[in-house]
Amino acid sequence: MEDTSTLILDIDKIRKDFPVLHQQVNGKPLIYFDNAASTQKPSSVISVIKSYYENDNANIHRGIHTLAERATEAFEASRKTVRDFLGAAYEEEIIFTKGTTESINLVASSYGRNFLDPGDEIMISAMEHHANIVPWQMLCEEKGLKLRVINVTEEGEIDLADFEQQLNPRTKIVSLVHVSNTLGTINPIKHIIDASKKQGAVTLIDGAQAVSHLEIDVQELGCDFYVFSAHKIYGPTGAGVLYGRKELLEKMPPYQGGGEMIDEVSFEKTTYNELPYKFEAGTPNIADVIAMKTAIDYINKLGKKNIAAYEDELLKYATEKVSKLDKVTIIGKAKNKVSVLSFVVAGMHHFDIGLMMDARGLAVRTGHHCTQPLMKHFGLEGTARASFAFYNTKEEIDVFVDSLTKITQLAK
Ligand code: C6P
């Protein structure tokens, strides 16, 4: 069969853009299958960071000198790119944060503390990352709220009947992962957002794993908040985004106090800056926010549709091969998945799988993937997880399957 997506994406050429891929690990060519944890960075992203520090380094929004203006312009250009990337209506709706975790904490703290009352309910699912569990638990404890958890099916899909049954007029926030980092499941978030809105609940979507694979349009989705981290979209660590609907952000109080987020400060009364600066206290991670734009430009150049088609192909290829292996069970068999393949091997601890893979130059993640309640749901301590990006190849999957075959032969 003709391999059409590889014709659209020139994988050999793409691989040349990622310097880190071209190395040996433990005497073997590196095969990087830990993209759900963090993606590698193209040279263009690395160069922008270097160039910023070599040519433009200055604090932003403060100086009128040339370097400050250049840095400010580049920082704000990134905001425009993110707005378009998410299909948001206004630049002011894009708040730069450290990443997904901080974005969720911002909403829990600023919105949750101020607009929820004792007895109100927050709904999450059993497949959430700890970043979308713990901030809500902390809020529930502080404010006397109830945390509801939507069940996940054996296939690893959201149990929609359970969601509908639990949704009620006391549900004030529904916070859900768009794509599960452990199972790869793509959740029917549009359906969940629509139903939640009908009940008057505010919705937050954790897009950490979705943004690199799926086209996102927050206006079409109709969510109130959407969050992600730059390091999962081929950008740097320490930078991320909170998209929030302007109307909500406007009525939310600041998250942190300090420079930049103020309008006027006096000991009698301080007034706050306008959006988005109200939520960006202190000197931000300027270089990495600027480089996030370069990462998005890179993705846009390849085209999300092409990326998704190619990664789907990798997932299908790997799933077919891994399913045939003796002693191996795939965890997460949802109909709609991104290129994440979690599995366990009977009679073998996932850490041993990870170590034996590493000895063969293969980087996979092992453990609970910061989803301990989900692991408990499946009666597991952890899994091994291979997650593919557009720079991975079927040849790499062949090496992975061959290694896994040999590893499983050592299982008790
Ligand atoms: N998941 C993984 O290996 P931060 O750390 O803030 O950039 O992202 C947190 C986070 C939140 N939600 C989801 C769905 C995620 O996948 C992650 C990060 C990594 O699966 C590291 S635990």
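When a ligand or atom number is given, it counts from 1 through the structure's own listing order. Note that this is a predicted model, so its numbers are computed, not measured.
Here the heavy atom of the protein found nearest to atom 15 (C) of ligand 1 is H129 CD2, 3.4 Å. The closest protein non-hydrogen atom to atom 12 (N) of ligand 1 is D206 OD2, 2.6 Å. Looking at atom 16 (O) of ligand 1, its nearest protein heavy atom turns out to be Q209 NE2, 2.7 Å. Ranking protein heavy atoms by distance to atom 1 (N) of ligand 1, first place goes to K232 NZ, 3.0 Å.
Heavy-atom proximity to V177, at under 4.0 Å, picks out these atoms of ligand 1: 14 (C). Close approach to S229 involves these atoms of ligand 1, each under 4.0 Å from a residue heavy atom: 4 (P), 6 (O), 7 (O), 8 (O). Which parts of ligand 1 touch C370 is read off a 4.0 Å heavy-atom cut-off, strictly below it: atoms 22 (S).
Using a 4.0 Å cut-off between charged nitrogen and carboxylate oxygen, K293 and D297 count as a salt-bridge pair. A salt bridge links E121 with R148: the distance from a Lys NZ or Arg NE/NH1/NH2 to an Asp or Glu carboxylate oxygen falls below 4.0 Å.
Residue contact annotation: N132 has no non-hydrogen atom under 4.0 Å from ligand 1.
In this structure, the ring of H369 has its center no less than 6.0 angstrom from the ring center of H130. Two rings, from Y243 and Y90, have their centers 6.0 Å or more apart.
Atom-to-atom distance recorded for I60:CD1 and Y277:OH is 8.0 Å, nearest 0.5 angstrom.
Under 4.0 angstrom from ligand 1, there are no non-hydrogen atoms of M127. At a heavy-atom distance under 4.0 Å, atoms from both the backbone and the side chain of T101 approach ligand 1.
Both cation-pi conditions hold for K394 and Y317: the charged atom is under 6.0 angstrom from the six-membered ring centre and inside a 45 degree cone around its axis.
Looking at E102 next to ligand 1, no N or O pair under 3.5 Å apart turns up. The shortest N or O to N or O distance between H369 and ligand 1 is not below 3.5 Å.
Selection from H231, R365, H130, H178 by nearest heavy atom to atom 22 (S) of ligand 1 gives R365.
Between F400 and F343, the ring planes lie perpendicular to each other; the angle is over 60°, past the 30° to 60° tilted range. The aromatic rings of Y391 and Y32 sit tilted relative to each other, their planes meeting at an angle between 30° and 60°.
More than 12 heavy atoms of other residues, nucleotides or ligands shown are found within 6.0 angstrom of CD on E250.
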